[in-house]
Structure formats: structure tokens, C-alpha cells
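Report on the following structure.
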2 protein chains.
Amino acid sequence: MDEKDLIEKEIKANTVYSGHIVNLRNDDVLLPNGVKSKREYVEHPGGATILAFDNEGNILLERQFRYPYREVIWEIPAGKLEKGEDPMEAAKRELEEETGMVAGKIEKLGLIYPSPGYTNEHLYIYLATDLKPTRQHLDENEFLSIVKMPFEKAVDMVMNGEIKDSKTCYAILKYAIMKK
Amino acid sequence: MDEKDLIEKEIKANTVYSGHIVNLRNDDVLLPNGVKSKREYVEHPGGATILAFDNEGNILLERQFRYPYREVIWEIPAGKLEKGEDPMEAAKRELEEETGMVAGKIEKLGLIYPSPGYTNEHLYIYLATDLKPTRQHLDENEFLSIVKMPFEKAVDMVMNGEIKDSKTCYAILKYAIMKK
């Protein structure tokens, strides 16, 4: 199949709800077979996240209550991009705000599409080393606790299903394969 | 920190938009510090996805246009759960509908939370082997092409960033570590 036969065209953008964090769209589209249809999806500003190693080979994980799941889960530091913000700068900013650590060295680890059927979120993933302490300064409505963990234990927790957050799983599994 | 000091309580559920696939909520909540706030998130029915191996060690990948990204991307077969549907049955159904293959053997590979800050989607991941051909029967508005690929090539494409879908990355990287 020619890949141009997969492409859907925007006929009309329809923002059906403008939220505080996300917007919901329900666009009129033209399907590859020429039929008119609708495509419903979330507009998201994008995010950045960071797998950070201290000098003892531990990674910094967070315990955070995620209201959509009504559950305290494991995640690496992350946050939404501010308007026009470079994703690497956002990752550094979130690391510092959430964990009180500054990364001496930071590099790209990847980019994921969390759930491409219904959200356009671009989630940029970084690797940080050479950490130096500064001070934690959480947002007003942000509550989380930081846990240092040996990297190999975190790999085990992805493999046994205790860690479920997609960006955290991706960063840990990808780095586990990279360093072999 | 005691983990009960992280928990946010629902004061009032507010569905601000009821969509075709998702709903948008903006609940009134009580934060751990006793302050009232809002939490905006997407209600999603959940999904199931399947890493399927043929008898030559190839996996079945799909090329699909994802309108939120305006891009044809790589994914493993997947779909939304129908109301009350068992996730493993949904994974089998999607494999058959999208690829025309029936799985002789199916087992759990994991569960991920795609983007826990703003969606409650539970995405169940399975591993299928012993495939037998039946017939493909795509949904009316579904357009995709199937590509068979040696598993090790797919691992390379996750590592080099060509595969970006989170469920596909998770399934491939997790299985790569399991089988070592």
C-alpha cells in the first residue's frame, strides 16, 4: 500500500472545549477513501522528563498521587512545557523544582507519543548525570516525595509491573539496553 | 513523607465535555494541604495491544496515520476496550481484525499508564505466538498497512527513535530484556 493512501486531511479544526491544561478538538476530516468523518483528540502543550543518576548509581524516582487513577504511582521527574520552552530546558527546570538537583550533564534519551489515537502530546526524554544539590521548590498544587533507588532495582520494578508510567518504563528499559 | 499526605480527594465530579471516544472532566478536589482545587483529565475506556510473533520470529507492525500528529507512525496492533470487554479478548479481537491473524497462544506482558497527569487510560499489553491466518476485517474508518519485521530490527528502531509510540516501545523493550 502506498503510504499516501493512509493520510487523512483536515477539513475544519473544531475546538470543542478549551481547558486549563488541554483542549479537546473534534475536527472534520477527509479520510483516505474520500469519506468525510470526525477525529476527536486532545491538544497538549508537550512535556519533558528526565532520568537522573546520582554519583552512587541511584536514579531519582517520585511517588506522586495521580488523580485520574486515584493512585500514588512511581514516575521520574517530569512536567509540561511552558509556551515556547525548549524541552531540554524544561527537563532541567523540572528536575530542579521537583528534586532540588541540578544536572551537570544532560543528553537526549528519546521522544515518545504516549497515546497517539487521541492525544498529540510530544514527550521528550533526557538523561542527567553529575547531579549537584540546590533546593526543591514545588509548584503550589504539587505534592510528591522523592525516592533514590539503585538502577537495577528500578529495572526489576518495570519488569514485574510495579512501575507502570509509560515515560518512566521507556527511559529505564531503553537505558538498560543502551548500557549493556 | 507518609503516603496518605499525597492523596487528593474528589469533592465533586464534573464532566465538562462528553465526546465520542473520551470525556473531559474538571473535578473539584481537596488537595493534601486542605486547599480546594481543580483536576482536569480525560476519561478513556481503556485499551489493549498485542506484540505478535509469527513462526519465523517476525513481529507484526502497523503503519497508521495518526491524525493528532498528522503523521504515519509505527505501532503494534491495538484498540479500545468495548464496554465490559476483557482486555485479553480485546487484544485477540484487534489482532484478528487488523492483521487477519489468530493467536494460538496469548499471555500478559504488562499494563501501562500512558500519560498519568491527564488521562486515566489503562493500556493492557499482551504477547501472542503460534499465529494462524484468518481474514483481516478493518473498521469502516480504519486505514493501515501491516509490516512483518524481524524482532531485532524492531528493537533497533526503538533504540534509534524511529518507533515512538509508547505501548510499542514498552512491549518491544520489555520483551527484549525478558528473552535475554
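Proteins come first, then strands; the chains are lettered A, B, ... in the order of their sequence lines, and each starts at number 1.
The contact between B/V29 and chain A is made entirely by side chain atoms (from C-beta outward), counting heavy-atom distances below 4.5 Å. Contact of A/V72 with chain B is made through the side chain alone, with heavy-atom distances under 4.5 Å. Both the backbone and the side chain of A/Y113 come within less than 4.5 Å of a heavy atom of chain B. Neither the backbone nor the side chain of B/K108 comes within less than 4.5 Å of any heavy atom in chain A. Contacts of B/E43 with chain A are absent, with no heavy-atom separation under 4.5 Å from either backbone or side chain. No part of A/L109 comes within reach of chain B, as not one of its non-hydrogen atoms sits under 4.5 angstrom from that chain. At a 4.5 Å heavy-atom cutoff, the contact between B/L24 and chain A is made by side-chain atoms alone. Only the side chain of B/Y17 comes within less than 4.5 Å of a heavy atom in chain A; its backbone stays farther off. For a residue to count as touching a neighbouring chain, one of its non-hydrogen atoms must lie under 4.5 Å from one of that chain's; by this rule A/V42 touches chain B with the side chain only.
The shortest distance between side-chain heavy atoms of B/T119 and A/T119 does not fall below 4.5 Å. A 4.5 Å side-chain heavy-atom check between A/W74 and A/D165 finds every atom pair outside the cut-off. Taking 4.5 Å as the limit, some side-chain heavy atom of B/I172 sits within range of a side-chain heavy atom of B/F151.
Rounding to the nearest 0.5 Å gives a distance of 8.5 Å between NZ of B/K38 and CG of B/D27. Distance check, rounded to the nearest 0.5 Å: CZ of B/F143 to CG of A/L6 gives 9.0 Å.
Ion pairing between a basic and an acidic side chain is recognised when a charged N comes within 4.0 Å of a carboxylate O; B/R39 and B/E10 show no such pairing.
Side-chain heavy atoms closer than 4.5 Å link hydrophobic residues (I, L, V, M, F, W, Y) into clusters, and following such links, even through other members, never connects B/M88 to B/V102.
Taking chain A as the reference chain and counting heavy-atom pairs below 4.5 Å, the highest number among B/E140, B/K80, B/H122 is found for B/H122.
Residues of residues 46-64 of chain B lying within less than 4.5 angstrom of chain A, judged on heavy atoms, are B/R63 in numerical order.
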